[in-house]
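Everything on this sheet refers to the single structure shown next.
If you're wondering where the values come from, they're calculated on a predicted model, not measured in any experiment.
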Amino acid sequence: MNNTTVTASPKQDKRRIKNDRGEAKKEEECDAEAWNTLSKSFKQVQSVLDHNSDLIKQVNANHKSKIPDNLVKNVSLIREINGNISKVMSIYSDLSFNVSNIVAERRSVKNGGESNLESASNVS
């Protein structure tokens, strides 16, 4: 019977085992893709929300001014705000789809399947 004590953390052991099977690179590709997807989407959303914030400030200023032309301008500003909200919903919908695909990819890699990233590079 072997009485050897292992002092490494479980995470380190898992990483070493994954490296031995050659799967760590595939996981890192999935992780990088996931982070890039999240980062890109959140930056897009933040940009649209920042623009909406500016539009809302303009709508408020126009409303406070009580000038008829400014109140008319608010109609188009509010339509633009609504359109931007639709953009944000679309970005989040795309993000959900992309993250689902990345999770499916990760599961495939963990189950010993070939990465779709790897498959695509082998086809070329």
Side-chain angles (χ1 to χ4, degrees):
M1 179 175 250
N2 187 351
N3 289 333
T4 305
T5 303
V6 177
T7 57
S9 72
K11 274 188 174 182
Q12 289 172 336
D13 287 341
K14 279 185 176 181
R15 179 58 96 189
R16 189 181 77 241
I17 291 168
K18 288 176 184 172
N19 284 337
D20 290 343
R21 292 189 301 197
E23 292 179 5
K25 185 174 180 180
K26 293 177 191 174
E27 284 189 13
E28 289 172 9
E29 288 172 358
C30 288
D31 289 345
E33 182 183 8
W35 283 115
N36 288 338
T37 299
L38 289 170
S39 178
K40 178 184 170 194
S41 295
F42 288 144
K43 286 177 183 176
Q44 287 176 329
V45 165
Q46 190 60 53
S47 174
V48 173
L49 293 177
D50 289 343
H51 184 61
N52 263 10
S53 178
D54 294 338
L55 292 173
I56 290 168
K57 288 175 186 173
Q58 185 61 49
V59 167
N60 285 334
N62 289 348
H63 182 72
K64 286 181 183 178
S65 75
K66 308 264 188 208
I67 299 171
D69 285 343
N70 288 347
L71 295 174
V72 170
K73 290 177 185 175
N74 277 356
V75 173
S76 63
L77 292 174
I78 291 170
R79 285 187 180 142
E80 185 176 351
I81 291 168
N82 286 334
N84 288 344
I85 291 169
S86 294
K87 284 181 191 176
V88 169
M89 290 175 17
S90 176
I91 293 168
Y92 278 129
S93 176
D94 292 345
L95 176 63
S96 175
F97 177 79
N98 291 334
V99 168
S100 294
N101 286 341
I102 291 167
V103 169
E105 173 74 16
R106 171 60 75 87
R107 287 181 180 153
S108 173
V109 168
K110 281 189 175 184
N111 292 331
E114 186 177 63
S115 165
N116 288 336
L117 299 172
E118 190 175 275
S119 297
S121 66
N122 289 339
V123 171
S124 305

Run the side-chain donor-acceptor check on residues 86-98: report pairs under 3.5 Å with partners two or more places apart or on a different chain.
from, atom 1, to, atom 2, distance (Å)
Ser86, OG, Asn82, O, 3.4
Asn98, ND2, Asp94, O, 3.3

Using a side-chain heavy atom cutoff under 4.5 Å and only I, L, V, M, F, W and Y, what cluster partners does Leu71 have?
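None; Leu71 is a cluster of one.
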For [X], side-chain hydrogen bond (donor to acceptor under 3.5 Å, both in side chains) partners two or more places apart:
{"X": "Asn60", "value": "none"}
{"X": "His63", "value": "none"}
{"X": "Asp50", "value": "Gln46"}

Got a donor-acceptor contact below 3.5 angstrom from the Asn74 side chain to the Val59 backbone?
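Such a contact is found between Asn74 side chain and Val59 backbone.
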To the nearest 0.5 Å, how far apart are [atom1] in [X] and [atom2] in [Y]?
{"X": "Ser47", "Y": "Gln44", "atom1": "OG", "atom2": "CD", "value": "8.5 Å"}
{"X": "Leu49", "Y": "Asp54", "atom1": "CG", "atom2": "CG", "value": "11.5 Å"}
{"X": "Ile56", "Y": "Ile81", "atom1": "CD1", "atom2": "CD1", "value": "4.5 Å"}
{"X": "Asn101", "Y": "Thr37", "atom1": "CG", "atom2": "OG1", "value": "9.5 Å"}

Counterpart residues, side-chain contact (heavy atoms from CB on, under 4.5 Å), relative to Ser65 (two or more places apart):
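Checked Ser65 against side-chain contact (heavy atoms from CB on, under 4.5 Å); matches are Ile67, Asn70.
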Which pair of non-hydrogen atoms, one from Asn52 and one from Glu80, has the smallest distance, and what is that distance?
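Closest pair (atom of Asn52, atom of Glu80, distance): OD1-O, 4.4 Å.
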Verify the distance criterion only: is there a donor paired with an acceptor across the side chains of Gln58 and Asn62 at less than 3.5 Å?
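Their side chains do contain a donor-acceptor pair, which is all the 3.5 Å distance test asks for.
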